[in-house]
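The next block holds one structure in the form of structure tokens; read it before the comments.
In listed order, ligands and their atoms are each counted from 1. Values reported hereafter were calculated over all heavy atoms of this structure, with side chains retained and with hydrogens, waters and symmetry mates removed. What you see is a predicted model, and the numbers here were worked out from it, not measured in a lab.
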Amino acid sequence: MEELIQMIRRGDRAALARAISLVEDGAPGSRELVRAAYRTPRNSRVIGITGAPGVGKSSLVDGIVDQLRSAGRSVAVIAVDPSSPFTGGAILGDRVRMKRRTTDPQVFFRSLASRGHLGGLTRATGDVLTLVGVAGFDDVLVETVGAGQSEVDVMKYASTVLVVLTPGLGDSVQTLKAGILEIGDVFVVNKADLPGADRTGAELEMMLDMRPQGGWRPPVIKTVATSGVGLDELARAIDAHYEYLKSSGNLKTRVRNRFLASIEDYLKREMVDKVLKAASTSGELERCLAALEAGEDDPASVASRLAARYLTAGPCSPLVRSEG
Ligand SMILES: Nc1nc2c(ncn2[C@@H]2O[C@H](COP(=O)(O)OP(=O)(O)OP(=O)(O)O)[C@@H](O)[C@H]2O)c(=O)[nH]1
Ligand SMILES: [Mg+2]
């Protein structure tokens, strides 16, 4: 695995693709691989792109890749869950579209299919981003359909988050998924060639003005991804946000928060495993379930009791065990 990491570091794209597959499948040795990846310097800028199905995220990614390539930067694109029920056919379109880039060694494209298990998508994406970072790309673009919590959670891994909307839906700004407005660093009104772009832009500006001020005020940028209008402005906004993160010290905070979120994620799993295993071995879990069935207890009380009993940090029961 150490050797595979070295190959990725030297720019071997086939090795990178293989490593991503191992992580995606949770194959034997993949934890070891990720562990080695975390111990290798990574300095990629991670740009997240999220928004409702069909707003033009992939088209924008395409345009942004062009912008970044003209600036001489290498780019990896990770499209998360393009096989969602909303976007059945998109994966094919994405593949065809990105095909013309396969001749450019400074562009790497990969789709990640959601394996459907809760939290697994976020975790796998974080690991994949770490691997891509080892490959030394200047920029990593992550596209997710902002349809569910896990897709929004993926944006935790980005240092700059683009939230994409389209005009014409009238109330598109009002129907923004809760939480999406908060995570946006740059807002994009794509399909600005369609009627209503100015109104959508104005509504967004108004909502952003109502946010607590201080620090970075997200810009609202109108684009026509299919013809390239506004993409240079978008690229400048991405750069400006990154500069802001660096000069304000917030980049460090974001990276730390990302690590913290990751630790939290693993910790929850460790603790749940530990408590359930212990309670099951002792037979207590069975008794609790019987009490619940008989209407003599409730899940919250059971959980508190089990946690109090089995989450004791003694020398014989370390909270953190090494990965087996
Ligand atoms: N008129 C207009 N159409 C656009 C624009 N940008 C993208 N489209 C079209 O909108 C459709 C969806 O574009 P995609 O880039 O696949 O959108 P997406 O958000 O990636 O879609 P999913 O991944 O399926 O959620 C395609 O038919 C694009 O050609 C734009 O600026 N103006
Ligand atoms: Mg897409």
Do the side chains of [Y] and [X] get nearer than 4.5 Å, heavy atoms only?
X      : Y      : value
Arg110 : Leu131 : no
Asn257 : Lys156 : no
Pro219 : Glu233 : no
Gln67  : Val75  : no

Please list, in number order, the atoms of ligand 1 under 4.0 Å from a heavy atom of Ser58.
15 (O), 18 (P), 20 (O)

Output the list of atoms in ligand 1 that are nearer than 4.0 Å to some heavy atom of Glu143, sorted by atom number.
20 (O), 23 (O)

Just distances here: any N/O of [X] and N/O of ligand 1 closer than 3.5 Å?
X      : answer
Leu194 : no
Gly54  : yes
Ala192 : no

As a test of reading the structure, name the N/O/S atom of Glu143 that is nearest the Mg ion (ligand 2).
OE2

Could you check which of Val55, Thr226, Val188 puts a non-hydrogen atom nearest to atom 30 (C) of ligand 1?
Thr226

The Mg ion (ligand 2) to nearest N/O/S of Ser59 below 2.8 Å:
no

Quick one about Ser59 and Thr226 (side-chain donor to acceptor, distance below 3.5 Å, no hydrogens or angles considered), yes or no?
no

Return the CD to OG distance between Glu24 and Ser111, rounded to the nearest 0.5 Å.
9.0 Å

With a 4.0 Å heavy-atom cut-off (strictly under), which part of Val61 contacts ligand 1: side chain, backbone, both or neither?
neither

Students often mix this up, so state it plainly: with edges at 30° and 60°, are the rings of Phe137 and Phe108 parallel, tilted or perpendicular?
tilted

